[in-house]
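Structure, as structure tokens:
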Protein chains: 2
Amino acid sequence: MKVIVAEDQGMLRGALSALLDLEDDIEVVGQAENGKQALALIQELVPDLCVMDIEMPEMSGLDVAEKLKEQRHSCRVVILTTFSRSGYFQRAMKAGVRGFLLKDSPIDELGAALRTVHAGGRAVSPELAMTFWETENPLTEREQEVLKLAAAGLTAGDIAKQLFLSAGTVRNYLSEAIQKLEAKNRIDAIGIAEKNGWLS
Amino acid sequence: MKVIVAEDQGMLRGALSALLDLEDDIEVVGQAENGKQALALIQELVPDLCVMDIEMPEMSGLDVAEKLKEQRHSCRVVILTTFSRSGYFQRAMKAGVRGFLLKDSPIDELGAALRTVHAGGRAVSPELAMTFWETENPLTEREQEVLKLAAAGLTAGDIAKQLFLSAGTVRNYLSEAIQKLEAKNRIDAIGIAEKNGWLS
DNA sequence: CCTTTCACATGACATATGTCATATGAAAAG
DNA sequence: CTTTTCATATGACATATGTCATGTGAAAGG
């Protein structure tokens, strides 16, 4: 089967590609270091499978997966990521992703997952099963938006200007976020939200 | 040469070990997923080299390198890390580390680096050279300490209690940190300090 | 020995932040 | 057609945060 490896960290990308290519039934036909490159390569080379990281520059692995689904492209996607966040997982499933592995898994699982997916099956890291039970994002869009800007170091006033709101409104959203997350202050709230992957 | 691979991320650890083991002149005699394990394995197996991540649970790769230097252990260390921070690099040099590679480097560099170091040389990613010029940490110990606690989401009052200071003193340290880092507020300061690796 | 420097420490004051009561409009439930 | 619910939006108020003037003691340089 023809495979493309998309992963921004050079060492891991190279190592995985080399290792997969050693397998008799796997041929690594291309490597990409960001989402855009991956999409272009997939359209050009039409591989059977693509091993894809989520957090990459230019375009995330999930963006690529969604584009492929939109185009009804035959290439099947196996996500390989550090984070077991319910948001990622659910979005991946919606995008028709066939495999979802954690970078913490042993290396053997990757080859096995590729074969399973190529044969028409699905492959999901056992740790991910738990993810279903994870609490979902309690923040409204506005609250997320405001908290994200606060996380970037902006003051309430700055945020208000950027979103065309009054400063009081911004503080209120932050206050709501703080209460929903049972945080002590906005810094605490930012930490909690980031840990759960609730900021975008 | 006998090599140990210490890296907490399972996939990368497995892939690197497998690939290195394929080389005729390299034998991977052990793998560790944290610093403590790495140290124990090195003392038990006495390898020629150890490929080591910095950010690992239990004990960082730099901690291990320092312990080895202290014991005048013959095992030479090659650091493999995501971050090109001057603090890391300088600490590594002090600990007598012989190689310092970024995880963004191509995979071939690792094998090459191992051979160079085994032959008595040094191997440093070219990106790291710049690191020398990086600005050093402008924060005093107290300021770092306070900023770190603030980053964890504590209020000034909490921090004061924990460090047996008055709340005003804590706010003053934070204010100094904010000014030194030319930040807008403590959140901004935390971001800047973290980006530069200035929070220990 | 005296000055300079600098990390450390504090409180007074102005500003920013967090909370609460309140209001509107849109969508869902009755 | 109501009623309920909920995201959105605001301002008044109390609290937390950021700044500044000031002071101490220890180390470095004259």
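Just so it is clear: chains get the letters A, B, ... in the order the sequence lines come, proteins before strands, and each one is counted from 1.
- For the pair A:Thr169 and D:dT10, the criterion of a side-chain N or O lying under 4.0 Å from OP1 or OP2 is met.
- In summary, the side chains of B:Thr169 and B:Asn172 do not present any donor paired with an acceptor at a separation below 3.5 Å, with no hydrogens or angles considered.
- Closest approach to the B:Leu165 side chain among C:dT10, C:dT17, D:dG18 is made by C:dT10 (side chain taken as heavy atoms from C-beta onward).
- Closest to the side chain of B:Ser166, from the set C:dT17, D:dT8, C:dT10, is C:dT10.
- In this structure, CG of A:Asn185 is placed 18 Å from P of C:dA16, rounded to the nearest angstrom.
- Distance from the side chain of B:Gln179 is smallest to D:dC20 among C:dT17, C:dC20, D:dC20.
- Side chain B:Asn172 to base C:dC8: no donor-acceptor pair is found below 3.5 Å.
- A distance of 10.0 Å separates CG of A:Leu16 from CD of A:Gln9, quoted to the nearest 0.5 Å.
- When heavy atoms are screened at a 4.0 angstrom cut-off, A:Ser175 is found touching base atoms of the nucleic acid.
- The shortest distance between the side-chain N/O atoms of B:Arg171 and the OP1/OP2 oxygens of D:dA16 is not below 4.0 Å.
- Atom CG of B:Asp188 and atom P of D:dG18 are 11 Å apart (whole Å).
- Salt bridge status for A:Asp63 with A:Arg91: present, with a side-chain N to carboxylate O gap under 4.0 Å.
- The side chain of B:Thr140 places an N or O atom within less than 4.0 Å of a non-bridging phosphate oxygen (OP1 or OP2) of C:dC8.
- The distance from atom NZ of A:Lys184 to atom C1' of C:dT19 is 18 Å, rounded to the nearest whole Å.
- Taking atom NZ of B:Lys180 as the reference point, atom C1' of D:dG18 lies 16 Å away to the nearest angstrom.
- In this entry the distance linking CD of A:Gln144 with P of D:dA7 reads 12 Å, nearest Å.
- If you check the side chains of B:Glu7 and B:Gln31, you find no donor sitting under 3.5 Å from an acceptor.
- Here the nucleotide nearest the side chain of A:Glu141, chosen from D:dT8, D:dT17, D:dT10, is D:dT8.
- Whole-Å rounding puts the B:Leu174 CG to C:dT17 C1' distance at 15 Å.
- Ion pairing between B:Glu145 and B:Arg142 holds under the 4.0 Å rule for side-chain N and carboxylate O.
- With D:dA9, C:dA9, D:dG18 as the candidates, the nucleotide lying closest to the side chain of B:Tyr173 is C:dA9.
- Rounded to whole Å, atom P of D:dA16 lies 13 Å from atom CD1 of B:Ile159.
- Between A:Glu145 atom CD and D:dA7 atom C1' there is a gap of 13 Å when expressed in whole angstrom units.
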